[in-house]
Peer 1: 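Below is a structure I'd like to ask you about.
Start at 1 with the first residue, then count along the sequence. In listed order, ligands and their atoms are each counted from 1.
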Amino acid sequence: MTSESNKMWGGRFAMSPAEIMEEINASIGFDKALAPQDIRGSKAHAAMLADAGIITKADAEAIIAGLDKVAAEVAAGTFEWKRSLEDVHMNVESRLKEIAGTPAGRLHTARSRNDQVATDFRLWVRDQIDGIDAALKALQLALAKKAEAHAATVMPGFTHLQPAQPVTFGHHLLAYVEMFARDRGRFADARKRLNESPLGSAALAGTSFPIDRHKTAADLGFDRPMSNSLDGVSDRDFALETLAAATIAAVHLSRLAEEIVIWMTPQFGFITLTDKFTTGSSIMPQKRNPDAAELTRAKVGRIAGAFQSLVIVMKGLPLAYSKDMQEDKEATFDAIASLKLAIAAMAGMVGDLEPVPDRMRAAAGRGYSTATDLADWLVRELKMPFRDAHHVTGTIVKLAETSGTDLEALPLEAMQGVEPRITKDVYSVLSVENSVKSRTSYGGTAPQNVLKMAQGWIACLELGSKTG
Ligand code: ARG
């Protein structure tokens, strides 16, 4: 610890901060991740200051060239971060001073760290949203391709995790393609609202200098400047909204992860994963564990936790900036990194997994899964009201259960004992293949529907359409 006060703001300070003050105050340990965005924002600000005649062109050139040097040092890993300089903004500016001399001192004209950090963080979150969108799209494509290959592979569909009605594996996978499409939509919505520039809000009240906020906004790829300087420095709902979208996407990932875990058990045996996506046990030689799926399932904890953590930081904060807001970054950084890892791991697993159609088909036929088909047949062929058909079918299922057989194997006479008008035609609806084939309603599980949907998605995703 030095005995001088902070050289960036210490004019009225005679002493250096207490060691513990410096420790709690400094954010450089994590906000150095914002250096590229910080430098980008500063370059735009310097260029605008010169254009507006607030600083000279020569000063702006010296600042911009100096910032490029700083950026190169950061990229090369040679930049020396100092905790005594608190945060990324002051570390960058202090190094700029060493490189560019006096002009560096003019960079902070008409600007505050409050609008600076709000700008940097927005730019960072925006970049991350773009990366997440691309990753989710790659996952959708992996799912759609697997779905296309297995449009007709029959498996049990479950409700309450009890066998319900047969579906196809492709249909099941496409359900996740839909979820991830909505996730991409949520991120895209967040991006739209996020894409306004806080730069030029200054500390909180704006500035008396004739700055051009439209110019810096455009330079940084924002749609427009934010309209209220108090809001500009104190809004963090762009991060909250992104974390909310991340939480929902993580929930979707965790559901698929859980299914992979279940399908991988020997009791189900619906899928296999290769050595690439499984691990062994150090004691039980027979084990093959789906660790990546388990970890994907677990990542929701951190991601939902980050959302919760920022909600609590922001709750009840008076306008405008408070140092509390410095706590917005670590959890967000961690949540976004976790989400990106989970999406990539899931895309890898989806590509790697292979269904075991025999096991799926056998399971699909168990649990009287075509009972609804029987009831529907009674409605269609015998014009029975559905409620009565449900009752008759229930009695037939009970009969099959007591005689220890499937519906398909139950003799016609046994069924006629319950409802004499039943004919041998009924067997045409009792096989799982015919059951799925009959589900041709829009969005239903019929293999022809599933194939069409899968191919539609693949075409859409490969053409690079934003939401599809
Ligand atoms: N490190 C700070 C943060 O992350 C930057 C803004 C500091 N502003 C201030 N007035 N002390 O929020």
Peer 1: Atoms of ligand 1 less than 4.0 Å from His89 heavy atoms?
Peer 2: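 Counting from 1, the qualifying ligand atoms are 5 (C).
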Peer 1: Under 4.0 Å from any heavy atom of Ser27, which atoms of ligand 1 are there?
Peer 2: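 Ligand 1 atoms under the 4.0 Å threshold to Ser27: 1 (N).
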Peer 1: Can you label the angle between the His150 ring and the Phe169 ring as parallel, tilted or perpendicular, going by 30° and 60°?
Peer 2: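 It falls in the perpendicular class, over 60°.
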Peer 1: May I ask you to check whether Ser27 and Asp87 show a side-chain donor-acceptor distance below 3.5 Å?
Peer 2: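 There is no such pair between these side chains.
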Peer 1: Would you verify whether the NZ or CZ of Arg126 falls within 45 degrees of the ring axis of Phe222 while also being under 6.0 Å from that six-membered ring's centre?
Peer 2: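 Yes, cation above the ring, under 6.0 Å and within 45°.
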Peer 1: Hey, which of Asp130, Thr242, Leu194, Asp133 is the one that makes side-chain contact (heavy atoms from CB on, under 4.5 Å) with Phe187?
Peer 2: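 Exactly one candidate clears the test, Thr242.
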Peer 1: Please report which non-hydrogen protein atom sits nearest to atom 11 (N) of ligand 1, along with the residue it belongs to and the distance in Å to one decimal place.
Peer 2: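 The closest one turns out to be Arg113 NH2, 3.5 Å.
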Peer 1: Could you walk me through whether Phe121 and Phe238 pass the ring-ring contact (aromatic ring centres under 6.0 Å, His included) check?
Peer 2: CA-CA 10 Å; Phe121 198 29; Phe238 69 88; 5.7 Å; yes
Peer 1: Do any nitrogen or oxygen atoms of Arg236 lie less than 3.5 angstrom from nitrogen or oxygen atoms of ligand 1?
Peer 2: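 N/O-N/O distance below 3.5 Å does not exist for this pair.
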Peer 1: Sequence neighbours left out, what passes side chain to side chain contact (heavy atoms under 4.5 Å, CB included) with Ala335? Give chain and number order.
Peer 2: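 Side chain to side chain contact (heavy atoms under 4.5 Å, CB included) list for Ala335, sorted by chain: Leu243, Ile303, Ala306.
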Peer 1: At less than 4.0 angstrom from any non-hydrogen atom of Gln326, what atoms of ligand 1 do you find?
Peer 2: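 The atoms of ligand 1 under 4.0 Å from a heavy atom of Gln326 are 1 (N), 2 (C), 3 (C), 4 (O), 12 (O).
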Peer 1: As an exercise, identify every atom of ligand 1 less than 4.0 angstrom from a heavy atom of Asp87.
Peer 2: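 Atoms satisfying the 4.0 Å criterion: 1 (N), 2 (C), 5 (C).
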Peer 1: Under a 4.0 Å threshold between the charged nitrogen and the carboxylate oxygen, would Lys329 count as salt-bridged to Asp31?
Peer 2: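 No.
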Peer 1: Would you mind listing which atoms of ligand 1 come within a distance below 4.0 Å of any non-hydrogen atom of Asn114?
Peer 2: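 Reading through ligand 1 atom by atom, the close ones are 8 (N), 9 (C), 10 (N).
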Peer 1: State the atoms of ligand 1, each with its element, that fall below the 4.0 Å cut-off from a heavy-atom position in Lys329.
Peer 2: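 Within the 4.0 Å cut-off of Lys329, ligand 1 contributes 3 (C), 4 (O), 12 (O).
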Peer 1: Report yes if some N/O of Tyr321 lies less than 3.5 Å from some N/O of ligand 1; otherwise report no.
Peer 2: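 Indeed, backbone or side chain, Tyr321 has an N or O that close.
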Peer 1: Just grab all the side-chain hydrogen bond (donor to acceptor under 3.5 Å, both in side chains) pairs involving residues 442-456, residues at least two apart or on different chains.
Peer 2: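 Of all non-adjacent pairs touching residues 442-456, those that pass side-chain hydrogen bond (donor to acceptor under 3.5 Å, both in side chains) are Glu148-Gln455.
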Peer 1: Does some non-hydrogen atom of Glu86 fall short of 4.0 Å from ligand 1?
Peer 2: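 No, that is not the case, since the closest heavy atom of the residue is not under 4.0 Å from the ligand.
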Peer 1: When you measure from the heavy atoms of Gln116 to every atom of ligand 1, does any distance fall below 4.0 Å?
Peer 2: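 Judged by the 4.0 Å heavy-atom criterion, Gln116 does not count as contacting ligand 1.
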